[in-house]
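Structure, as structure tokens:
These figures come from a predicted structure and were not determined experimentally.
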Amino acid sequence: MQVGAAAVLWAVWLSQNDMIFNKTVIWSPMQVIYKATCWIRFWSMMQQEEGQMNLKKACLQLETLTMDIFAKNGRRFSNRLEV
């Protein structure tokens with residue numbers, strides 16, 4: 001849970017910095033969520049094998065849940081997200 005929370009906060013921080021300093025446009029909150037799952041997967045490589053699998057499953061569930069929520073609320077999304 002701590003890794004996930006840290007990854008989400010880190011992704012928000014990086015996205016904010018991109019918007020401020022690089023004038024990057026964040027089109028969807030999904031970009032921030034996918035950036036967080038990318039960091040979680042990266043950090044999972046430093047875990048033992050069982051921990052890696054748990055983190056990767058959690059990332060997949062979070063991505064699936066996010067896509068379901070956005071799709072049910074009529075939001076259009078692309079399979080190509082900039083992370």
Interatomic spacing from CD in Q61 to CG in D68 - rounded to 0.5 Å
11.5 Å
Check for me, please, whether F21 and L14 land in the same ILVMFWY cluster - side-chain distances under 4.5 Å, paths through other members count.
no
Criterion side-chain contact (heavy atoms from CB on, under 4.5 Å) against T37, the qualifying member of T66, L60, L62:
L62
Look at the side chain of Q47 and the backbone N and O of Q52, then say whether any donor-acceptor pair between them is shorter than 3.5 Å.
no
Membership question, hydrophobic clusters at under 4.5 Å side-chain separation (ILVMFWY): are L55 and W10 in the same one?
yes
Taking the side chain as everything from C-beta on, heavy atoms only, tell me whether D18 gets closer than 4.5 Å to K35.
yes
Which pair of non-hydrogen atoms, one from S15 and one from I26, has the smallest distance, and what is that distance?
CB-CD1, 4.2 Å
Hey, quick one: are M19 and V32 part of the same hydrophobic cluster, counting side-chain heavy atoms closer than 4.5 Å, chains of contacts allowed?
yes
Other members of the hydrophobic cluster containing M53, with the 4.5 Å side-chain heavy-atom rule, please.
none
Check this for me: W43, atom CH2, are more than 12 non-hydrogen atoms of other residues, nucleotides or ligands nearer than 6.0 Å?
yes
Residue pairs passing the salt bridge (Lys or Arg N to Asp or Glu O under 4.0 Å) test where at least one lies in residues 38-61, sequence neighbours excluded:
R41-E63
In terms of hydrophobic clusters joined by side-chain contacts under 4.5 Å, are W13 and W39 together?
yes
When clusters are formed by joining ILVMFWY residues with side-chain heavy atoms under 4.5 Å apart, either directly or through shared neighbours, do I40 and M45 land in the same one?
yes
